[in-house]
Amino acid sequence: MSVKRKVIGLMRETYSMWERRAPLCPRHVQNLVHEKGVKVLVQPSSKRCFTDAEYEAVGATLTMDMSEADLLIGVKQVKEAEILPEKKYLFFAHVIKGQADNMALLNTMLEKKAHLIDYECLKRDGEADGQRIIAFGKYAGKAGMIDSLRGLGERLLFKGYTTPFLHIASSYMYRTLEEAEACVNSAGETFAKGDFLRGADIGPLVVTFTGDGNVASGALSVFQHLPHEMIDPGDLATVKREGNPGVIYGTVATPRNYTKRIGGGEFDYEEYLGTPSQYTSVFHERFLPYTSVLMNCMYWDAAYPKLITHDQMSAVWDAGNTNLLVLGDVTCDVGGSIEMLTKSTVIEEPFFLWRPDTREVAGTRTEEGVLVLGVDILPSELPLEASTHFGDLLEPIVDGILDGEYARDTPMGRMLARATITENGVLQKQYEYIPRLAKSQERKSLPGIQFVIRGHLFDTGLINKTLDLLEVLGVEFRIAELDVQRNFGLGAECPSRVILEVFATDNLDQILAAVRLQLERFPQAHATFEMVE
């Protein structure tokens with residue numbers, strides 16, 4: 001009795017003209033075809049970073065028709081019209097935070113009874129609060145650092161200084177990451193030999209990094225190609241005053257050194273995670289006056305102190321300190337931890353100039369201000385390396401899906417089950433909140449009271465039960481923010497977090513008491529409750 005050959009389909013990317021990545025590179029396809037006996041269909045694409053001929057050469061079949069495939073794989077969202085009924089899909093869907101732009105896609109998946117597995121939800125050990133298995137973060141950091149160095153050259157020229165950084169291009173302009181890093185290295189060597197900034201009133205260059213995850217490590221790996229020295233934040237003032245202008249200094253800002261406890265006392269990391277309202281940012285005092293380039297690579301949400309507010313930035317600027325030349329906001333969290341990131345940018349026009357004095361985007365880039373990078377698909381600028389890295393992580397997961405692991409009680413099976421958003425026309429239990437979350441976004445213009453709940457919200461079902469409670473109470477509410485992918489670093493416990501906003505005036509105390517009581521009924525969630533100021 002013959003066994004039906006398994007078939008996967010590699011979809012072309014249609015999300016953006018810049019999306020040249022592929023979920024599997026030819027080497028991965030070769031393994032699937034020749035070692036696993038899988039038939040691989042590849043939709044032709046003239047902009048993909050790997051050519052159609054490269055896939056054909058390793059045994060793939062080029063075709064637009066994906067109807068034979070058991071599993072269809074892409075990188076970014078798929079057009080609704082191209083969704084095939086009752087097929088398994090694997091891509092970044094961007095629906096778990098109720099993103100309005102992608103609700104039509106989710107509804108199409110449900111209507112066509114498609115099985116959607118989201119990369120964003122593939123977590124270690126199948127835990128909702130576990131570390132993500134697949135991500136492009138390191139390459140976002142690398143591309144962000146390269147692009148920010150291009151911006152640094154531009155701003156130094158505006159200040160009257162020609163430097164080798166002018167010869168660094170945006171990441172996408174290089175054929176490979178190796179070529180980009182070689183250019184950074186060459187610029188650094190030239191910078192170290194010259195007196196490009198000697199006597200300059202801006203002092204030695206200082207690059208400040210936030211974050212301790214893959215994004216920050218990617219940015220730091222590029223920075224290390226420059227003539228650099230990493231310093232303690234406490235030495236910033238001395239270095240800015242007495243440092244070597246041929247050296248670029250780097251420092252890392254962490255909550256321990258950019259925040260202070262409002263009531264006084266020592267910084268406590270566990271307290272900061274649990275009750276961040278006890279802390280306020282002093283980044284504008286300890287780091288901003290000495291920073292030339294700020295690489296923002298950290299996780300942040302609204303429960304935590306903002307890194308730099310408009311008021312703080314303007315106060316530093318108005319005091320005559322205009323040292324900050326470039327903000328490379330790799331997180332691209334508009335209006336988030338750094339308020340001057342007021343909009344995202346695109347690869348072909350990666351920068352805008354922010355004027356702290358007027359709190360506006362300047363009409364040109366030939367004015368005083370801070371050059372801001374806010375590209376939200378930075379890994380797409382390094383498609384070859386990002387795709388290879390991604391495929392290395394994805395290949396065993398594809399094997400697990402084809403082998404039916406999602407139906408088994410194994411680590412792989414639990415992980416796939418947890419990442420399944422829709423199946424047979426139904427939202428899976430852990431994602432039943434999505435329609436309510438999407439609907440709640442419509443209430444953003446109303447005033448309300450916010451509170452944050454942290455804990456194991458998904459595995460225990462607490463998130464759904466809390467939303468049910470608010471509906472039973474007849475409360476108007478919205479989910480202001482939902483975090484299901486926190487990662488503060490290896491070894492740190494990463495509970496989920498939801499910020500809820502309720503719109504009630506008469507019985508607010510009773511509503512909040514009911515929510516607190518609900519949390520007590522789920523001791524296994526280890527949930528905490530805190531008002532958001």
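Counted within 6.0 Å of NZ on Lys76, heavy atoms from surrounding residues, nucleotides or ligands total more than 12; the atom is thus considered enclosed. The number of heavy-atom neighbours closer than 6.0 Å to CD of Glu178, taken from other residues, nucleotides and ligands shown, is 12 or below. Atom NZ of Lys159 sits in a crowded spot, with more than 12 heavy atoms from other residues, nucleotides or ligands closer than 6.0 Å.
Taking NE2 from His225 and CD1 from Ile248, the interatomic distance works out to 13.0 Å, rounded to the nearest 0.5 Å. Considering CE of Met313 and CE of Met340, their distance stands at 4.5 Å, rounded to 0.5 Å. Taken to the nearest 0.5 Å, the CG atom of Asp329 stands 8.5 Å off from the SG atom of Cys297. One distance of note links CH2 of Trp354 with CD of Glu339; it measures 9.0 Å at 0.5 Å rounding. Atom NE2 of His28 is separated from atom CD1 of Ile73 by 11.0 Å, given to the nearest 0.5 angstrom. With values rounded to the nearest 0.5 angstrom, Met295 atom CE is found 13.5 Å from Met298 atom CE.
In this structure the side chain of Phe158 never reaches within 4.5 angstrom of the side chain of Leu371, judged on heavy atoms. The shortest side-chain heavy-atom distance between Leu122 and Ile397 falls under the 4.5 Å cut-off. Considering only heavy atoms from C-beta on, Lys306 stays 4.5 Å or farther from Ser281 through its side chain.
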Full working for salt bridge (Lys or Arg N to Asp or Glu O under 4.0 Å) between Lys240 and Asp235: CA-CA 9 Å; Lys240 201 66 177 177; Asp235 296 329; over 6 Å; no

Residues Glu13, Arg48; criterion salt bridge (Lys or Arg N to Asp or Glu O under 4.0 Å); working and verdict: CA-CA 8 Å; Glu13 297 299 322; Arg48 192 185 284 127; over 6 Å; no

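Annotation: Phe287 is not in aromatic contact with Tyr258 [ring centroid separation under 6.0 Å not met]. In summary, the aromatic rings of Trp317 and His284 are positioned with their centroids too far apart to meet the 6.0 Å limit. With ring centers used as reference points, His228 lies 6.0 Å or more from Tyr249. Aromatic rings from Phe196 and Tyr161 are positioned such that their centres are separated by 6.0 Å or more. For Tyr304 and Tyr279, the ring centers are positioned 6.0 Å apart or more.
For the pair Arg155 and Phe165, the cation does not sit on the ring face, since its NZ or CZ is not both under 6.0 Å from the ring centre and inside 45° of the axis. Judged by a 6.0 Å distance limit and a 45° cone about the ring axis, Lys343 is positioned over the six-membered ring of Phe352.
Screening Thr291, Leu294, Leu156 against Leu325 for a side-chain contact (heavy atoms from CB on, under 4.5 Å) leaves a single residue, Leu156.
A donor-acceptor contact shorter than 3.5 Å is absent between the side chain of Asp392 and the backbone of His389.
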